[in-house]
Amino acid sequence: MLRFNKKVHTILAAILLLAFCMPASAQPSSVHPNNNQWSRHSDYSSPVNKPKILWAVPIDDNITNMVVDSKGTIYTVSSSHSKSRLTAVSSQGKIQWKAELESKGRDVVLFRDNMLIVSGSSNEDGVSSTLSAYSTEGQLMWHSTFPGVDNFGQGSIGVDDDGMFVMSGLEANEDGNQDIAIIAVNTLGGTLWTQKHQLKSQHTTASSPIVVKDGIYLTVSKGKSEQISKGASTIQYDDGRLLRLDKQGNVVWSRFYHGYHLASPVYTQNTLYVPADKHVHLYDLNGKRKQSIEMTGAINNWIGPSIGKNGNIYYGQRMMEPSGKMLWSFTPFDIPSSNEYPTNTVAIDNKSNVLYGYDSLKGKGGGIISANSVTKKVNWKLPLYQSLSSPPVIGKDGTIYIGGSKLFAIKAAK
């Protein structure tokens with residue numbers, strides 16, 4: 001199933017092996033290495049007063065994710081209907097390089113501050129999923145293809161400290177059902193293992209995996225077709241499970257719950273937060289359910305919760321205490337019937353300010369808003385006049401990065 005790109009050379013492989021055998025403590029600390037595998041509570045502060053646009057760099061495609069290295073360089077993965085790119089932009093807003101991707105880019109992670117891992121999907125010659133590695137100078141190191149695995153609804157990458165990269169996808173079997181495929185790859189692009197999880201259903205979903213300590217966690221669910229009116233039916237997903245795998249791909253345990261969600265579990269402070277329809281379930285790492293919190297209002301099945309360091313849960317336009325008590329729920333623009341809505345997961349700075357990227361139902365484009373979760377008031381709103389497709393990221397100096405077809409840098413006004 002694995003196909004190596006011909007650009008992989010013996011010398012490059014030897015250099016990679018030497019670099020990634022170095023202890024993690026010897027590597028610089030990236031500002032933002034991964035957008036999936038964290039609680040979305042940043043260690044950095046963001047502007048409290050209305051900021052200004054420092055620069056805006058056209059990327060052309062829609063940015064889906066970004067990472068930031070220890071030098072402040074931003075790396076974006078972006079896609080359109082015809083192409084995908086990996087782009088490096090300096091902290092001054094200068095494009096340093098662009099790399100055309102061989103498949104539709106989904107996610108990017110930064111490993112040990114010098115290796116970019118990109119996930120992708122392709123429909124050429126049948127559905128397939130891909131993982132590629134690039135140096136921070138834009139050199140393709142390897143490209144691995146997994147035919148028959150569809151990661152369109154997943155795509156995010158789990159990563160451990162030793163350089164194991166894990167992704168999930170759906171794969172049709174001979175019975176006409178959809179299996180869950182979970183694949184682990186090492187720093188040289190070699191497949192460590194492939195795990196097939198069978199739910200014996202034609203309708204299955206799975207989240208992307210996250211790696212926590214010695215375990216790999218993801219959610220899976222299966223559905224069934226239900227008739228809602230004459231000649232019309234829908235798929236109802238009510239059989240959800242939280243899985244824990246060990247580092248060799250073996251299923252350690254499975255925990256049942258009702259419902260499903262496409263966002264990955266969120267981990268912080270020895271707790272896994274698992275969204276499922278109108279609930280967020282809290283589990284410990286041994287699979288014991290500690291709590292279930294019922295949600296009110298609309299839920300986006302693609303957007304997961306963000307967790308503050310005090311345990312508060314930020315989910316869409318709501319903030320709740322760890323007990324589940326609603327602290328506040330608001331339209332973040334102080335408009336009772338707002339036509340603007342959050343477009344992605346929120347970021348929380350180290351002073352409990354919450355950053356929302358938003359879009360407009362009226363076609364006015366989107367922007368970003370900062371709200372103080374303590375005072376329950378809006379700090380500022382900054383229109384950017386385009387649809388935004390990436391979550392906000394906070395840099396070490398407080399600069400906010402967010403993207404659509406442009407990458408914006410937003411900084412405190414002097």
Side-chain angles (χ1 to χ4, degrees), residues 1-2 106 119 121-123 126-131 145-158 166-185 191-212 215-229 231-265 272-281 283 285-289 292 299 301-302 304:
M1 294 180 68
L2 178 63
R106 305 285 299 160
S119 65
S121 59
S122 175
N123 287 317
V127 67
S128 62
S129 296
T130 63
L131 282 175
T145 301
F146 305 93
V149 179
D150 181 4
N151 71 351
F152 177 77
Q154 295 76 33
S156 295
I157 307 164
V166 192
M167 71 174 182
S168 62
L170 306 180
E171 185 173 21
N173 65 28
E174 295 178 354
D175 299 330
N177 293 325
Q178 282 187 320
D179 296 338
I180 312 298
I182 308 159
I183 302 165
V185 173
T191 301
L192 295 171
W193 47 262
T194 299
Q195 168 71 240
K196 301 292 180 63
H197 192 75
Q198 295 183 337
L199 296 177
K200 298 181 180 181
S201 173
Q202 296 180 356
H203 310 290
T204 62
T205 67
S207 75
S208 296
I210 63 171
V211 184
V212 180
I216 301 166
Y217 300 86
L218 74 159
T219 61
V220 301
S221 59
K222 64 179 180 180
K224 58 184 178 180
S225 178
E226 293 186 1
Q227 187 171 350
I228 54 176
S229 63
S233 61
T234 186
I235 307 300
Q236 294 292 335
Y237 293 91
D238 194 45
D239 187 334
R241 298 174 191 276
L242 172 65
L243 301 183
R244 176 180 174 174
L245 282 64
D246 62 24
K247 293 290 188 72
Q248 290 73 47
N250 303 305
V251 176
V252 178
W253 48 252
S254 173
R255 298 293 185 263
F256 171 82
Y257 57 83
H258 291 287
Y260 85 107
H261 202 286
L262 293 170
S264 301
L272 292 161
Y273 295 77
V274 179
D277 290 341
K278 295 289 187 179
H279 291 83
V280 176
H281 303 300
Y283 292 86
L285 293 182
N286 294 316
K288 180 181 179 181
R289 187 185 297 187
S292 291
I299 298 293
N301 276 325
W302 293 86

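The figures here come from the full heavy-atom set of this structure, side chains too, leaving out hydrogens, waters and symmetry mates. Heads up: numbering here begins at 1 and tracks the sequence.
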Heavy-atom pair of closest approach, residues Ser201 and Lys222:
CB-CB, 3.7 Å
Under 3.5 Å donor-acceptor, Tyr273 side chain and Gly304 backbone:
no
Can you name the closest pair of heavy atoms from Arg106 and Ser121 and give their distance?
CD-OG, 3.9 Å
Is a side-chain N or O of Ser208 found less than 3.5 angstrom from the main chain of Ser264, in a donor-acceptor match?
no
Any residue meeting side-chain contact (heavy atoms from CB on, under 4.5 Å) with Ala181, in chain and number order, not counting sequence neighbours
Val149, Glu171, Lys196
Would a 4.5 Å heavy-atom cut-off, applied to side chains only, mark Val274 and Tyr217 as touching?
no
Measuring from atom OG of Ser129 to atom CD1 of Ile183, what distance do you get when rounded to the nearest 0.5 angstrom?
6.5 Å
Checking Ser119 now: which residues fulfil side chain to side chain donor-acceptor pair (under 3.5 Å) with it, not counting sequence neighbours?
none
To the closest 0.5 Å, what do you measure between CG (Leu272) and NZ (Lys288)?
14.5 Å
Side chain to side chain contact (heavy atoms under 4.5 Å, CB included) assessment of Thr191 paired with Phe146:
CA-CA 10 Å; Thr191 301; Phe146 305 93; 3.6 Å; yes
Under 3.5 Å: donor-acceptor pair, side chain of Gln195, backbone of Ile182
no
Closest approach of Tyr257 to Leu242 (non-hydrogen atoms, all atoms of both residues):
CE2-N, 3.5 Å
Can Leu131 and Ile157 be said to form a side chain to side chain contact (heavy atoms under 4.5 Å, CB included), step by step?
CA-CA 9 Å; Leu131 282 175; Ile157 307 164; 4.1 Å; yes
Between atom CD1 of Ile180 and atom CG of Leu243, what is the distance when rounded to the nearest 0.5 Å?
8.5 Å
Quick one: CG on Leu262 to OG on Ser156, what's the gap to the nearest 0.5 Å?
11.0 Å
Which residues share a side chain to side chain donor-acceptor pair (under 3.5 Å) with Asn286, sequence neighbours left out
none
Please report the closest heavy-atom contact between Gly259 and Ser221, naming both atoms and the distance.
O-CB, 4.2 Å
Going by salt bridge (Lys or Arg N to Asp or Glu O under 4.0 Å), name the pairs with one or both residues in residues 247-259, residues two or more places apart or in two chains.
Asp160-Lys247
Nearest heavy atoms of Ile216 and Pro209, plus distance in Å:
CG2-CB, 3.9 Å
Sequence neighbours excluded, which residues qualify as side-chain contact (heavy atoms from CB on, under 4.5 Å) partners of His279?
His281, Glu294
Step by step, work out the side chain to side chain contact (heavy atoms under 4.5 Å, CB included) result for Thr204 and Asn177.
CA-CA 8 Å; Thr204 62; Asn177 293 325; over 6 Å; no
Minimum side-chain heavy-atom gap Leu245-Leu218 below 4.5 Å:
yes
Which residues pass the side chain to side chain donor-acceptor pair (under 3.5 Å) test with Asn250, sequence neighbours left out?
Asp246
What residues, two or more places apart in sequence or in another chain, satisfy side chain to side chain donor-acceptor pair (under 3.5 Å) together with Tyr283?
Arg289
Rounded to the nearest 0.5 Å, what's the gap from CD on Gln178 to CG on Leu199? Could you check?
10.0 Å
Gap between atom CE of Met167 and atom OG1 of Thr130 - 0.5 Å precision:
6.5 Å
Using every non-hydrogen atom in the two residues, find where Val211 and Gly158 come nearest and quote the distance to one decimal.
CG2-C, 3.9 Å
Residues 172-182 vs salt bridge (Lys or Arg N to Asp or Glu O under 4.0 Å), sequence neighbours excluded, gives none
When you measure from the side chain of Ser207 to the backbone of Thr219, do you find a donor-acceptor pair of N or O atoms at a distance under 3.5 Å?
yes
